[in-house]
Amino acid sequence: MSIRRWVAAAVTAGFAILVAEAIAHHSSAPFYNPENRVEFEGTVTRWVFRNPHAFLFVNVAGGNDEVIEWQVELGAPVSIRRAGWSPDTLQVGQRVKVSGQRSRAEGSYGVCCVRMTKPDGSPIIEGGRVEEAPARR
Amino acid sequence: MNPVLKGKITILAVVALAVGYANPQISSQSIETDIPIFDGIWNGGFSVRPVNGENVPWGENNFPVLNERALAYQEVWEEIMAPKYDCQPASSPAIQYDPYHMKVTQWPDRVLLRYEKDDQLRTVWLDGRKPKSTDFGVQGFSVGHYENGSLYVTTTHFVFDVAGFDDYNGIPSSSQKKVTERYWLEEGELRMTLTIEDSMFLREPTSYTTRWLPAREGYQLQAYDCDPEAARASVRFYPSKYK
């Protein structure tokens with residue numbers, strides 16, 4: 001197998017694992033719209049590392065001096081712990097860049113199935129993955 | 001009665017009782033029965049089988065035929081009605097297909113199925129006992145036996161569950177739900193065929209077959225400790241049709 005194929009296979013496998021982790025408890029489709037993607041950079045205010053899904057809360061500066069709190073849904077800690085995530089992975093005050101599928105309820109600020117990095121684009125966990133593939137419909 | 005004979009009978013009775021207490025797991029099955037060894041931790045995760053969803057494991061070929069009552073429930077169903085958003089654990093036939101590990105412990109009189117998902121423990125009784133009227137529960141009451149290298153399990157006495165068929169299709173299950181499972185070893189895998197019947201909602205029984213692989217060396221089940229706040233956190237993102 002060529003190096004390109006090995007890389008493609010590894011990336012595919014990594015994505016598949018992340019997708020599965022994201023939906024192990026419930027499907028993302030009823031809550032998040034894959035056609036409505038958002039991207040933001042903000043400051044971590046809370047990191048909830050508990051089953052069935054880990055959640056990250058991020059304050060993002062909006063217009064008119066308002067601050068919007070986004071709720072970022074991640075996989076089940078029982079699963080993502082195996083990939084190196086822990087309650088200490090993220091700290092309050094840390095800056096992160098997030099892009100993903102926006103929540104469906106009107107006026108809500110949720111996002112799932114995310115690509116998340118440090119502001120410089122590097123992985124949150126050294127050597128770790130940064131992106132979740134599109135969620136199942 | 002002869003006092004000597006009476007004394008011997010008393011001693012024998014005491015010895016018999018003592019043996020009974022010392023071996024509380026005496027099985028109802030003879031030791032000649034072909035008992036497969038399932039003991040250990042099994043991986044049912046993402047790398048082992050397709051992840052559960054709207055069409056897995058219930059797809060085109062085995063999706064249940066619903067009666068009008070079930071269809072009416074589906075009509076009013078919304079995802080956020082599922083009690084899992086309050087940490088109610090998954091039950092049969094869904095928990096077997098959740099993408100997590102499972103630990104099997106075989107004792108002579110029972111088999112213990114410990115699921116990493118939702119910290120659930122099912123006990124399959126092999127000693128011939130029958131469920132009592134008070135044995136209803138989320139996981140029901142399971143009895144089983146070994147036969148020709150397989151473990152056969154029958155579970156009844158489930159409580160009503162508005163999402164008791166699976167996690168994705170809004171199909172409830174009733175106290176009439178009956179789940180039968182056959183476990184066997186093949187090519188180093190633990191395989192299972194599960195059949196569900198529930199005359200309250202399904203017109204006929206339906207089945208799926210799945211597998212687990214041995215967990216990696218040294219793997220231990222993690223506590224799930226479902227957190228009510230985390231379980232409910234995404235509910236507010238659901239655009240409900242009810243106001």
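Both backbone and side-chain heavy atoms feed into the values below; hydrogens, waters and symmetry mates do not. Sequence lines set the chain letters: A, B, ... in the order given, protein chains first and strands last, and positions in each chain run from 1.
- The number of heavy atoms from other shown groups lying within 6.0 Å of NZ (B:Lys84) is above 12.
- Of the residues considered (A:Pro77, A:Ala54, A:Ser103), A:Ser103 shows the highest number of contacts with chain B, using heavy-atom pairs under 4.5 Å.
- Within the 4.5 Å cutoff, no side-chain heavy atoms of B:Ser234 are placed close to those of A:His53.
- The part of B:Tyr219 that comes within reach of chain A is its side chain, from C-beta onward, which places non-hydrogen atoms under 4.5 angstrom from that chain.
- Residue B:Leu221: no heavy atom, backbone or side chain, is found under 4.5 Å from chain A.
- Interface residue A:Phe31: backbone and side-chain heavy atoms are both found under 4.5 Å from chain B.
- At a threshold of 4.0 Å, the pair A:Arg46-B:Glu229 counts as salt-bridged, since one of the basic side-chain nitrogens sits closer than that to a carboxylate oxygen.
- Using a cut-off of 4.0 Å between Lys/Arg side-chain N and Asp/Glu carboxylate O, A:Arg82 and B:Glu116 are scored as salt-bridged.
- Only the side chain of A:Arg81 comes within contact range of chain B, with at least one heavy atom under 4.5 Å from a heavy atom of that chain.
- Only the backbone of A:Tyr109 comes within contact range of chain B, with at least one heavy atom under 4.5 Å from a heavy atom of that chain.
- Shown here for B:Tyr238 and A:Pro30, the closest heavy-atom pair between the two residues is CD1-O, 3.4 Å.
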Stepwise side chain to side chain contact (heavy atoms under 4.5 Å, CB included) test for B:Phe237 and A:Cys112: CA-CA 11 Å; B:Phe237 299 147; A:Cys112 86; over 6 Å; no
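- Within a 6.0 Å radius of CD in A:Glu66, more than 12 heavy atoms belonging to other residues, nucleotides or ligands are found.
- Contact annotation for B:Ala223: only backbone heavy atoms (N, CA, C, O) come within less than 4.5 Å of a heavy atom of chain A.
- Of all heavy-atom pairs between B:Tyr100 and A:Ala76, the closest is OH-CB, 3.7 Å.
- Between B:Tyr224 and A:Asn51, the closest heavy-atom pair is O-ND2, 2.8 Å.
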